[in-house]
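Have a look at the structure below, then the notes.
Labels below follow one simple rule: chain letters A, B, ... track the order of the sequence lines, proteins then strands, and each chain is numbered from 1.
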Amino acid sequence: MSETDVPTPYVPAAVEPKWQSRWAERGTNAAKLDAPTRPFYALMMFPYPSAEGLHVGNLFAFTGSDISARFHRLLGHDVFQPLGFDAFGIHSENYALKVGAHPMELTPKNVANFTRQLGRAGFMVDWNQKVDTSRADYYKWTQWVFLQLHKQGLAYKKAAAVNWCPTDKTVLANEQVENGLCERCGTAVEQRFLEQWFFRISEYAPRLLANLDWLDWSPVTRQAQRNWIGKSEGAELTFDIAAHDASVTVFTTRADTIYGATYLVLAPEHPLVGALTTDAQRDAVTQYVDATKKQDLISRKSSKEKTGVFTGSYAVNPATGAQIPVWIADYVLMEYGTGAIMAVPGHDERDFEFAQVFNLPIVRVVAGPDDHADTPLGDAAFTDDDHGRLVNSGQFDGLAVQEAKRTVTTWLEGKQHAKAVTNYRLHDWCISRQRYWGPPIPIIYCDDCGAVPVPESQLPVELPFISDFKPDDSGISPLARHEEWYRVPCPTCSKPARRETDVSDTFLDSAWYFLRYPSANHSDVPFDAARTKTWLPVNSYIGGNEHAVLHLLYSRFITMVLKDGGFIDFEEPFTRFRAHGMIIREGAKMSKSKGNVINPDVYMEEWGADAFRMYLMFLGPYEEGGDFRDQGISGVRRFLDRLWSSVRDASTEGAPDADVLRKMHRTIKKVGEDTANLAYNTAIAAMMEYMNAVRRGERAPHRDELLPLVQLVAPFAPHLAEECWEQLGHSGSVFDAGWPVFDAAMLVDNTVDLVVQVNGKVRSKLHVPVDITQDAALALAMQEEGVAKFVTGEPKKVIFVPKRLLNIVV
RNA sequence: ACCCGGAUGGCGAAAUCGGUAGACGCGAGGGACUUAAAAUCCCUUAUCCGCGAGGGUGUGCGGGUUCGAGUCCCGCUCCGGGUACCA
């Protein structure tokens, strides 16, 4: 085959650039966007182009996605796999501030570096359809999306208590606050009142929840969304206030415990607090309300110590007629339910604690199976609502809790004191950001016409290049400091007016980007109708579960809104979603401070992109993640070396070995199934096993034993596969060669190893024909000394599992 | 606290339906080739007793179901992730 005896060694640094440029020349990775036969849209979560470059976590995610895309292509789909950049946002802006540069100049550099790294890793990305959220040709349409929501009445402005990060100097969505700390910088979040734009995602809560039942998504992701949406069925109960012409409505999921409601609690911000406070209590209440207001959200949410103040007023329990005190306390939150609760200390942990601190009455109205009506509650509330029955509850005594919830609600409804309601934890989405690096919200304020949406024909509202983009403490966007941009004529009446100076949340950029890819080069529409019909919804989306409740929920919401607006005919953007796991290093999380971050460039340099890709996939189950150990990569590289030299040594003389061939067909089956299931680690193990069989004892492999292996390995190590494919005499790309087909007849063996057990313990193995009968197997087994000596008497029972085992019970 | 995951050799991990626990890889030990080393190839490698043949034990802990449990059921422990005063 070669003129020298020394085989050319495998040098990734030569093979990989060769194929990367050949793919570019041949357009191998470009999808047939307009006339696909079997369109398959494979999407991976686009990265934020940081200055540090590609993180190994990105590479892990993308490689798994790329393998899936290449696999589908080999199966005969017209695969479209695009990639872009989530370039707007606070990350980029903060980084620019830190290094004293401008994001408009930094971003293209970072994008270029990312593109280089992504290219080096050999992804089958169609770079003709590129998306960069920070370019006007993209955010023009992000603004268009905002206008559609505005048109449908789903965008509104309100002054609201918002999470304010004093370091980043911006508002954060609830989803971006962790433990009262800013998700990004870890600063304690404060409460501020600002005029903000919101999207009415809460209106879509029932639909967002219901569709989860049929979506083909990773169960963990669906569960995370369910929890986040937080459906809660209960009732709103109305309590009249004694000596006032007023009433307080509370939300409860435990209407059955109404007889145990011994006091009410309002949130300190509740609108009725002023009216219900008596003169005697006025000072104490005012002081408490002020203290709460000043408190930042961190201490309010982290301290579980119960504090509160009596208002001086009493409410009437609609069931008992008793007068019960009305308190205010910060453990009741204004933003959930009605901002008021009925406190049932006997059966709610928080109420119990509060009642103990302030010496309020605690009454048992639910008894467990071992309790009677007057069993003392001890030192904790009784909260088991599956095994409880009502006591001390008048006509309802004896009812099971679940039944009583309905019965009591119905009874109170009859008295005009109740209404069954469903509450959701999901809040409206605050999309305003008082920052610079984002799409300006397309609204103009006019003294006469109010908040006027920018006409679609005037989009984009371009983000001006300004040098003083640093946010200040005022809570007003830096754009407001630029009069020439800020002052505009009203689109309706042409009088002097002002632009909205907030930009929108980065999550709005990424909530619709999948719609843009197929139409990325269309400048007249956000997404072309025909292209969209052909390619969407996305067939396969793979990404990290850290986006389970942010990006994925927002994308679903925006898709529903666009469907309702008549722009698309589907309401779920991602037919199938799979969450990949997290990758750690030597048992520890990777972080800059620990200095154990993996630089992909270094590994690709030393081992080659193919080996690096394959090792990332080999170190653990893709959907669970794995532990990156530096030593491990050599095993994968050895495998690729062996494949390389096998192809060089392959002979075309004679015939392939029968045993190797059988193994080959089994391997084709296994690798196909595992790859489809994202079980990449075991797919690779199966290929290694086959490699071992092919080269056992340095035997010379036959060409036909290797051809299918090259196809199987192609999604994992695409460069090497192409080179081997060419080496084996092909001129086209291996990715147009199809996926090998296994011969089912080659999978069945004539003989098997039958395990012989006595009382469940393995005593022997028999090499027997597959179709051996129980009696024949038993007779053979009894001839084995190692078996016979354990079978003392007549067997009590014999269990025979064909092809697997024979168990003799004595 | 609640909701998800998870716990298997020295290490990363395998194990369709309950049916040979530890595939594949790393590391380690031994051998072949070599002046030598690297590379490559072959063998061994859960653990205990035993010279050996062989036998015992073993999938976080305690019970249970079963001819048979890493896998199913009940009760715990620890680790990772998510959510959290959500009424």
Side-chain angles (χ1 to χ4, degrees), chain A residues 9 178-180 219-224 226-228 230 232 234 250-254 257 265 300-306 329-333 335-344 347-351 353-354 383 423-427 545-546 548-549 581-582 584 586-587 589 615 618-621 623-636 638-639 641-642 645 673 679 681-692 695-698 753-765 786 789 795-801 803-810:
Chain A
E178 284 173 359
N179 270 325
V220 276
T221 312
R222 291 196 295 176
Q223 195 53 43
R226 277 196 194 100
N227 293 343
W228 190 262
S232 162
V250 305
F251 174 73
T252 181
T253 54
R254 295 296 305 273
T257 60
V265 188
R300 176 157 178 182
K301 290 200 170 164
S302 62
S303 156
K304 307 263 191 232
E305 299 251 310
K306 293 291 175 289
D330 64 2
Y331 81 93
V332 175
L333 309 175
E335 66 260 28
Y336 185 76
T338 61
I341 62 156
M342 67 175 195
V344 185
H347 306 284
D348 179 280
E349 279 171 39
R350 294 148 301 169
D351 299 345
E353 273 175 51
F354 190 84
T383 55
N423 251 319
Y424 294 90
R425 208 188 68 112
L426 183 67
H427 290 34
N545 214 34
E546 67 273 17
V549 295
M582 259 203 352
I584 57 172
E586 314 280 343
K589 238 186 199 173
Y615 178 55
F618 184 62
L619 50 75
E623 290 178 274
E624 280 160 43
D627 192 356
F628 189 101
R629 303 205 163 231
D630 283 22
Q631 282 178 327
I633 193 168
S634 62
V636 166
R638 242 192 292 275
F639 165 74
D641 280 328
R642 293 177 94 193
S645 60
E673 288 167 356
N681 55 334
T682 50
I684 293 167
M687 290 188 273
M688 287 173 164
E689 257 187 87
Y690 179 57
M691 188 78 251
N692 291 342
R695 300 259 41 192
R696 180 123 10 245
E698 288 189 37
D753 284 324
L754 191 73
V755 171
V756 181
Q757 298 181 332
V758 178
N759 285 344
K761 278 193 202 300
V762 178
R763 296 300 177 186
S764 178
K765 282 170 204 171
K789 72 178 179 186
K796 268 193 231 151
K797 196 171 171 183
V798 174
I799 281 108
F800 180 65
V801 183
K803 292 190 232 177
R804 287 205 179 266
L805 65 70
L806 180 76
N807 187 10
I808 304 163
V809 186
V810 294

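- Going from the P atom of B/A53 to that of B/G62 covers 32 Å, rounded to whole Å.
- For A/Lys761, no side-chain nitrogen or oxygen approaches OP1 or OP2 of B/G54 to under 4.0 Å.
- Distances shorter than 4.0 Å separate some side-chain N or O of A/Ser232 from OP1 or OP2 on B/A87.
- Comparing the P positions of B/A84 and B/U71 gives a spacing of 35 Å, expressed to the nearest Å.
- In this structure, A/Lys803 reaches neither bases nor backbone, as no heavy-atom distance under 4.0 Å exists between it and the strands shown.
- Put simply, the side chain of A/Asn423 never gets that close to the backbone of A/Ser232: no donor and acceptor are under 3.5 Å apart.
- Using a 4.0 Å heavy-atom criterion, one finds that A/Val801 contacts the bases of the nucleic acid, with or without backbone contacts as well.
- One P atom belongs to B/G10, the other to B/U77, and the distance between them is 27 Å to the nearest Å.
- As judged by a 4.0 angstrom heavy-atom cut-off over every strand, A/Pro219 is placed among residues making no nucleic acid contact.
- Rounded to whole Å, the distance from CD on A/Gln223 to C1' on B/G81 is 14 Å.
- Atom pair A/Asp348:CG and B/A1:C1' shows a separation of 12 Å (rounding to whole Å applied).
- Within 4.0 Å of A/Arg222, counting heavy atoms only, lies no atom of the nucleic acid at all.
- Because its glycosidic torsion is within 90° of 0, B/C17 is reported here as syn.
- A sub-4.0 Å separation between OP1 or OP2 of B/A84 and a side-chain N or O of A/Arg425 is present.
- Here, B/G75 and B/G25 have their P atoms 42 Å apart, quoted to the whole Å.
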**Step-by-step side chain to side chain contact (heavy atoms under 4.5 Å, CB included) determination, A/Phe800 to A/Leu754** = CA-CA 10 Å; A/Phe800 180 65; A/Leu754 191 73; 4.0 Å; yes
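- Residue A/Lys589 contributes atom NZ, which lies 9 Å from atom C1' of B/G80 at whole-angstrom precision.
- When only modelled atom types and interatomic distance are considered, A/Asn692 and A/Arg642 share a side-chain donor-acceptor pair under 3.5 Å.
- A/Arg638 comes within contact range of the sugar-phosphate backbone alone, with a heavy-atom separation under 4.0 Å but no base atom that close.
- In this structure, B/G68 is classed as anti because its glycosidic torsion departs from zero by more than 90°.
- Pair check for B/U71 finds none; no Watson-Crick or G-U wobble contact set falls under 3.5 Å.
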**Request:** Could you go through the side chain to side chain contact (heavy atoms under 4.5 Å, CB included) check for A/Asn807 and A/Lys797 one step at a time?
**Result:** CA-CA 8 Å; A/Asn807 187 10; A/Lys797 196 171 171 183; over 6 Å; no
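- Across all strands, A/Asp627 comes closer than 4.0 Å only to sugar-phosphate atoms, never to a base (heavy-atom distances).
- Listed nucleotides B/U20, B/C67, B/G55 differ in distance to A/Val755; the shortest reach to its side chain belongs to B/U20.
- Residue A/Leu619 is classed as a sugar-phosphate contact, given heavy-atom separations below 4.0 Å to backbone atoms only.
- The pairing partner recorded for B/G58 is none, the criterion being a Watson-Crick or G-U wobble arrangement whose two distances lie under 3.5 angstrom.
- Distance check on atom C1': B/G64 versus B/G18 gives 15 Å, rounded to whole Å.
- Looking at A/Glu673, its side chain never comes within 3.5 Å of a backbone N or O of A/Ala679 through a donor-acceptor pair.
- A/Phe639 places its CZ atom 19 Å from the C1' atom of B/A39, with the value rounded to the nearest Å.
- Within 4.0 Å (heavy atoms only), A/Asn681 reaches sugar-phosphate atoms of the nucleic acid but no base atom.
- Residue contacts shown for A/Val809 are limited to sugar-phosphate atoms, with no base heavy atom under 4.0 Å away.
- Applying the 3.5 Å distance criterion, the base of B/C67 shares no donor-acceptor pair with the side chain of A/Lys796.
- The shortest distance between the side-chain N/O atoms of A/Asn692 and the OP1/OP2 oxygens of B/G25 is below 4.0 Å.
- Looking only at side-chain heavy atoms (C-beta outward), A/Ile799 and A/Val801 come within less than 4.5 Å of each other.
- What separates CZ of A/Phe354 from C1' of B/A87 is a distance of 14 Å, to the nearest Å.
- Residue A/Glu624 is the one, among A/Lys797 and A/Glu624, whose nearest nucleotide of RNA chain B lies closer to the 5' end (criterion: closest heavy atom).
- Across all strands shown, B/C17 has no partner, as no Watson-Crick or G-U wobble contact with both distances under 3.5 Å is found.
- Base contact: A/Gln757 has a heavy atom under 4.0 Å from a base atom.
- In this pair, A/Phe628 and A/Tyr615 present their aromatic rings perpendicular. The plane angle is above 60°, beyond the 30 to 60° band.
- The side chain of A/Ala685 lies closest to B/C24, out of B/C24, B/G68, B/A87.
- B/G5: Watson-Crick or G-U partner is B/C79, with both key distances under 3.5 Å.
- Residue-level contact check: A/Arg629 touches the backbone only, with heavy atoms under 4.0 Å from sugar-phosphate atoms and none from bases.
- When distances run from any side-chain atom of A/Arg763 to the nucleotides B/C86, B/A23, B/G56, the shortest one goes to B/G56.
- Within 4.0 Å of A/Asp351, counting heavy atoms only, lies no atom of the nucleic acid at all.
- Nucleotides B/C17 and B/U66, compared at atom C1', are 15 Å apart to the nearest Å.
- The structure places CZ of A/Arg638 at 9.5 Å from CE of A/Met688, a figure rounded to the nearest 0.5 Å.
- With both ends at atom C1', the span from B/U47 to B/U59 equals 13 Å, rounded to whole Å.
- Atom-to-atom, CG of A/Asn227 to P of B/C2 comes out at 14 Å; the value is rounded to the nearest Å.
- With a 3.5 Å ceiling on both atom-pair distances, the Watson-Crick or G-U wobble partner of B/U40 is B/A32.
- Counting only heavy atoms from C-beta on, A/Asn807 has its side chain closest to B/C67 among B/U20, B/C67, B/A87.
- Comparing the C1' positions of B/U45 and B/C11 gives a spacing of 13 Å, expressed to the nearest Å.
- Here B/C86 presents its P atom at 17 Å from CG of A/Leu426, a figure rounded to the nearest Å.
- If you find the closest nucleotide of RNA chain B to A/Ala686 and to A/Thr252, the one lying nearer the 5' end belongs to A/Ala686.
- In this structure, A/Asn759 atom CG and B/C67 atom P are separated by 11 Å, rounded to whole Å.
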**Message:** Run the side chain to side chain contact (heavy atoms under 4.5 Å, CB included) test on A/Thr257 and A/Asp348 for me, step by step, so that the C-alpha distance in whole Å, both residues' side-chain angles and the decisive distance to 0.1 Å come before the verdict.
**Reply:** CA-CA 10 Å; A/Thr257 60; A/Asp348 179 280; over 6 Å; no
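- If you check every strand for non-hydrogen atoms under 4.0 Å, A/Arg804 touches sugar and phosphate atoms only.
- Relative to the side chain of A/Trp228, the nucleotides B/C85, B/A14, B/U83 differ in distance, and B/U83 lies closest.
- Ranking B/A84, B/U20, B/C26 by closeness to the A/Gln631 side chain, first place goes to B/C26.
- Using the Watson-Crick or G-U wobble rule with both distances under 3.5 Å, B/G22 pairs with nothing in any strand shown.
- Atom CD of A/Glu349 sits in a sparse spot, with 12 or fewer heavy atoms from other residues, nucleotides or ligands closer than 6.0 Å.
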